[in-house]
Amino acid sequence: STDEDTSPDTSGNSTEGNNTQETNSTESQSSTADSPDPLALECLDHSGLARHDHVTLQIFIDGNPYTVESAIGIQTDICNGNENNMHTVHTHDDTGRLHVELNEPGNISLGVFFDIWGHHFDETGIFDYRINATHEIVMHVHSTSESATEENRVTSFDDYLLQNGEVIEIHFRAKDN
């Protein structure tokens with residue numbers, strides 16, 4: 001078996017100075033966004049919400065911050081009604097603050113946001129970056145008053161259930177050897 005190379009993201013976010021290798025194959029990598037969670041296809045309009053929480057998402061590619069854009073999950077091809085018609089997880093600005101909203105009580109995983117955003121995310125990688133012999137993906141979940149440590153490292157990735165007030169840090173980085 002061969003390790004897959006990592007490839008650069010094409011969203012316009014800068015990854016200058018990273019040491020990841022580009023994939024030379026013309027084959028498209030499979031993506032978790034190709035088979036979205038049913039919650040990623042639900043639309044709501046801010047009325048009668050049973051849940052309205054906020055989570056901060058921070059993403060780092062080889063140490064460089066990656067911008068979680070404004071208006072992810074708002075006025076999409078699926079949710080395109082009036083100005084308040086949006087997905088269950090969405091952003092209003094580019095601070096990484098995710099708005100988690102449900103019309104019925106329930107849980108929602110981080111993977112739903114990536115499905116809505118249209119990007120790959122699970123234990124194999126994020127965006128077009130994939131783990132291999134030289135790179136890994138790690139995720140930490142902590143309160144706003146804490147920092148990422150081994151004690152708050154989690155391995156559930158896209159299955160992680162979002163909780164109000166948490167900070168989620170995702171790092172795609174070179175392995176420590």
Side-chain angles (χ1 to χ4, degrees), residues 1-37 40 53-70 72-73 89-91 93-100 107-177:
S1 101
T2 59
D3 292 319
E4 289 184 48
D5 287 335
T6 58
S7 62
D9 178 76
T10 56
S11 70
N13 281 288
S14 174
T15 56
E16 276 186 39
N18 71 28
N19 294 321
T20 56
Q21 299 171 334
E22 291 185 36
T23 300
N24 293 325
S25 170
T26 57
E27 291 178 36
S28 166
Q29 295 186 63
S30 65
S31 171
T32 54
D34 293 340
S35 301
D37 185 291
D53 296 338
H54 301 101
V55 175
T56 301
L57 177 62
Q58 299 172 338
I59 301 171
F60 300 90
I61 306 296
D62 284 329
N64 297 309
Y66 187 99
T67 302
V68 178
E69 297 120 12
S70 175
I72 297 168
V89 186
H90 55 270
T91 64
D93 56 35
D94 64 1
T95 63
R97 185 178 191 195
L98 307 184
H99 297 256
V100 182
N107 291 319
I108 193 162
S109 69
L110 180 57
V112 170
F113 175 71
F114 280 89
D115 290 346
I116 292 165
W117 197 5
H119 287 299
H120 174 81
F121 174 65
D122 67 8
E123 68 280 357
T124 67
I126 186 167
F127 308 123
D128 289 331
Y129 297 96
R130 298 295 185 271
I131 63 170
N132 61 20
T134 61
H135 283 77
E136 66 183 349
I137 187 167
V138 296
M139 186 168 114
H140 299 272
V141 179
H142 54 83
S143 71
T144 55
S145 63
E146 297 176 334
S147 298
T149 64
E150 280 306 306
E151 287 76 36
N152 55 38
R153 186 170 171 172
V154 298
T155 58
S156 49
F157 298 102
D158 57 323
D159 292 326
Y160 183 79
L161 297 178
L162 301 174
Q163 301 296 317
N164 192 35
E166 291 178 329
V167 175
I168 299 172
E169 289 186 34
I170 300 168
H171 297 263
F172 180 85
R173 66 187 187 192
K175 289 181 179 179
D176 293 330
N177 292 330

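The basis for the numbers below is simple: all heavy atoms, side chains too, and nothing from hydrogens, waters or symmetry mates. None of the values given here were measured: they were computed from a predicted structure.
For F121, the ring-ring contact (aromatic ring centres under 6.0 Å, His included) partners at least two apart in sequence or on another chain are F114. Residues satisfying the side chain to side chain donor-acceptor pair (under 3.5 Å) criterion with D158, sequence neighbours excluded, are absent altogether. The side-chain contact (heavy atoms from CB on, under 4.5 Å) search around E169 returns Q58, F60, H140, H142, A148, V167, H171, not counting sequence neighbours. Under the rule for a salt bridge (charged side-chain N to carboxylate O under 4.0 Å, His left out), R97 has no partner lying at least two apart in sequence or in another chain. Checked against salt bridge (charged side-chain N to carboxylate O under 4.0 Å, His left out), E136 has the following partners two or more places apart in sequence or in another chain: R173. By the salt bridge (charged side-chain N to carboxylate O under 4.0 Å, His left out) test, E151 is found to be paired with no residue, residues two or more places apart in sequence or in another chain being considered.
Going from atom CG of N107 over to atom CG of L161 covers 5.0 Å, rounded to the nearest 0.5 Å. Between the CG atom in L110 and the OH atom in Y160 there is a gap of 9.5 Å [rounded to 0.5 Å]. Considering CD1 of I131 and CD1 of I137, their distance stands at 8.0 Å, rounded to 0.5 Å. If you take NE2 on H54 and CG on L98, they are separated by 9.5 Å, rounding to the nearest 0.5 Å. Interatomic distance, I168 CD1 to N152 CG, rounded to the nearest 0.5 Å: 11.5 Å. Atom OG1 of T155 is separated from atom CD of E123 by 9.5 Å, given to the nearest 0.5 angstrom.
Under the 3.5 Å distance criterion, the side-chain polar atoms of D53 are left unmatched by any main-chain donor or acceptor of Q163. Between the side chain of H120 and the backbone N or O of T32, at least one donor-acceptor pair lies under 3.5 Å.
Of all non-hydrogen atoms in I72 and F113, the two that sit nearest each other are CG2-CE1, 3.6 Å. The minimum heavy-atom distance between G118 and A33, with the atom names listed, is C-CB, 3.6 Å. A pairwise comparison of heavy atoms in T91 and E69 identifies OG1-O, 2.7 Å as the closest pair. Between V141 and M139 the shortest heavy-atom distance is CG2-CE, 4.2 Å. S35 and D115 make their closest contact through O-OD2, 4.4 Å (heavy atoms, listed as atom of the first residue, atom of the second, distance).
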For this session: Could you go through the side-chain contact (heavy atoms from CB on, under 4.5 Å) check for I108 and V89 one step at a time?
Result: CA-CA 9 Å; I108 193 162; V89 186; 3.4 Å; yes
For this session: Go through the steps for V68 and W117 under the test side-chain contact (heavy atoms from CB on, under 4.5 Å), then give the verdict.
Result: CA-CA 9 Å; V68 178; W117 197 5; 4.3 Å; yes
Exercise. Between H135 and F172, is a ring-ring contact (aromatic ring centres under 6.0 Å, His included) present by the stated rule, with each step listed?
Worked result: CA-CA 7 Å; H135 283 77; F172 180 85; 5.2 Å; yes
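Contact check for V100 versus N164: no side-chain heavy atoms found under the 4.5 Å cut-off. Contact of the Y66 side chain with the I170 side chain is not registered, since no non-hydrogen atoms from C-beta on lie closer than 4.5 Å.
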